[in-house]
Amino acid sequence: MSGRLPPRLFCFHHAGAGVTSFARWQNVLGERAEVVPVLLPGRDARVREPRITAPARLLDEIMDQVGPRLDRPYALYGHSLGALIAYTFARTVEATGLRGPELVVVGAALPPHLPSPLLPAAFPPDAQLLPWLVSCGVLPAEAAEAGEGGIWQRRVLPTIRDDLLLADALRRTGRGPLRTPVLAVAGREDHIAPAHLVEEWRRYAPAGFGLRTVPGGHFFVRDRPLPEFLRETVHGLGAVFRPESSTV
């Protein structure tokens with residue numbers, strides 16, 4: 001990378017999470033890219049700030065964080081909820097004439113036109129929400145067995161509920177195509193967002209589309225194969241993007 005700055009990779013986390021999933025990514029990507037996790041309010045170091053459930057406020061928040069850093073080639077990676085955020089943010093920067101991303105990578109997410117098992121028409125009350133999230137594979141089994149007023153209900157559940165409300169709102173915000181190529185990534189054991197449905201992101205990507213599968217279930221973002229794959233992907237930013245469906 002001598003003689004030039006690396007591209008940036010802005011990373012958006014999944015529902016109920018913070019940026020810890022991306023904590024080791026810089027070590028894996030090395031000099032190929034500068035990894036920039038985007039932390040939303042209401043978690044980690046921002047736990048005392050109100051969470052966001054409205055797309056307009058979300059976009060203002062993200063622009064405040066990353067807008068000054070769109071001064072070199074960059075890509076977006078979003079996981080689950082984060083994929084909808086990355087897609088919506090890419091549409092926004094394209095519409096406003098700002099420098100757009102070289103690539104949008106969506107992981108473990110169904111495109112906006114498909115119904116998601118994580119976004120029912122009506123969310124169950126708290127007493128049923130934890131077992132339901134466990135049955136969907138979002139939370140570990142011990143969450144369903146936790147007593148009332150425990151840490152799962154006090155800290156985890158409110159964040160996930162608000163994040164799912166945000167995801168549902170983002171699905172309804174807009175469904176237009178991007179001018180940016182899109183790379184969709186699916187976990188081979190992911191029953192929430194299986195590869196054959198993740199592949200339908202293709203309709204949003206007339207500029208170029210690729211589908212990859214990686215080992216793991218819905219939270220493969222926590223495992224090493226994904227950042228290893230992205231290390232090779234971002235190395236070619238700025239080059240002609242000719243993806244092919246494949247398995248990692």
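Just the heavy atoms: all of them, side chains too, but no hydrogens, waters or symmetry mates, feed the values below. Here the structure is a predicted model, which is why all the values come from computation and not from measurement. Position 1 is the first residue of the sequence; numbering continues from there.
Partners of T88 under the side chain to side chain donor-acceptor pair (under 3.5 Å) rule, at least two apart in sequence or in another chain, do not exist in this structure. With sequence neighbours excluded, no residue satisfies side chain to side chain contact (heavy atoms under 4.5 Å, CB included) with D60. Not counting sequence neighbours, the partners of R172 by the side chain to side chain donor-acceptor pair (under 3.5 Å) test are D168. Residues passing the side chain to side chain contact (heavy atoms under 4.5 Å, CB included) test with E232 are R32, sequence neighbours excluded. Listed by chain and number, the residues in a side chain to side chain contact (heavy atoms under 4.5 Å, CB included) with P112 are L84, Y87, R175, W201, Y204 (sequence neighbours excluded). Residues passing the side chain to side chain donor-acceptor pair (under 3.5 Å) test with R161 are D126, sequence neighbours excluded. Partners of Y74 under the side chain to side chain donor-acceptor pair (under 3.5 Å) rule, at least two apart in sequence or in another chain, do not exist in this structure. The salt bridge (Lys or Arg N to Asp or Glu O under 4.0 Å) test applied to D163 returns R43, not counting sequence neighbours. Considering only residues two or more places apart in sequence or on other chains, V28 meets the side chain to side chain contact (heavy atoms under 4.5 Å, CB included) condition with R224, P227, E228, R231.
Using a 4.5 Å heavy-atom threshold, the side chains of L133 and L157 count as touching. Taking the side chain as every heavy atom from C-beta outward, E31 and P6 never approach each other to under 4.5 Å.
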side-chain contact (heavy atoms from CB on, under 4.5 Å) between L118 and H218, intermediate numbers included: CA-CA 12 Å; L118 296 181; H218 192 63; 4.2 Å; yes
Verdict with reasoning, L170 to L81, per side-chain contact (heavy atoms from CB on, under 4.5 Å): CA-CA 9 Å; L170 289 172; L81 163 66; 4.1 Å; yes
Intermediate values then yes/no, side-chain contact (heavy atoms from CB on, under 4.5 Å), R99 and V93: CA-CA 7 Å; R99 181 177 194 153; V93 295; over 6 Å; no
Candidate pair F209 and R203, rule side-chain contact (heavy atoms from CB on, under 4.5 Å), full reasoning: CA-CA 9 Å; F209 177 78; R203 69 169 64 185; over 6 Å; no
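Taken from OG1 in T159 to CG in L164, the straight-line distance is 10.5 Å, to the nearest 0.5 Å. The CG atom of L9 sits 10.0 Å away from atom OH of Y77, with the distance rounded to the nearest 0.5 Å. Rounding to the nearest 0.5 Å places CZ of R72 at 4.5 Å from CG of L5. Note that CD of E61 is 5.0 Å distant from CD of Q65, once rounded to the nearest 0.5 Å. Distance check: E94 CD to T180 OG1 gives 4.0 Å after rounding to the nearest 0.5 Å. Rounded to the nearest 0.5 angstrom, D190 CG and L110 CG are separated by 8.5 Å.
Among all heavy-atom pairs drawn from A86 and V104, the shortest one is CB-CG1, 4.4 Å. When all heavy atoms of V106 and V182 are compared, the pair lying nearest together is CG2-CG1, 4.1 Å. Scanning both residues, A195 and A186, for their nearest heavy atoms gives CA-CB, 3.7 Å. Across all non-hydrogen atoms, the minimal contact from P101 to A90 is CG-CB, 4.1 Å. Here the closest non-hydrogen pair linking P225 and P215 is CB-CD, 4.0 Å. Considering all non-hydrogen atoms of both residues, P55 and T173 come closest at CG-OG1, 3.4 Å.
Open room surrounds NE2 on H191; 12 or fewer heavy atoms of other groups in view lie less than 6.0 Å from it.
In terms of modelled atom types and a separation under 3.5 Å, the side chain of E49 and the main chain of G42 share no donor-acceptor contact. A donor-acceptor distance shorter than 3.5 angstrom exists from the side chain of Q26 to the backbone of A33, with no hydrogens or angles considered.
Residue pairs satisfying the ring-ring contact (aromatic ring centres under 6.0 Å, His included) criterion with at least one member in residues 162-184, sequence neighbours excluded, are absent. A salt bridge (Lys or Arg N to Asp or Glu O under 4.0 Å) check over residues 8-25, counting only residues at least two apart or in different chains, returns the pairs R8-E34, R8-D71.
Residue I62 is grouped with residue L98 when hydrophobic side chains (ILVMFWY) are merged at heavy-atom distances under 4.5 angstrom, including chains of intermediate members.
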Let me have the donor-acceptor pairs involving side chains of residues 10-22, under 3.5 Å, with sequence neighbours excluded, atom names and distances please.
unit_1 : atom_1 : unit_2 : atom_2 : d
H13    : ND1    : A17    : O      : 3.3
H13    : NE2    : L40    : N      : 3.3

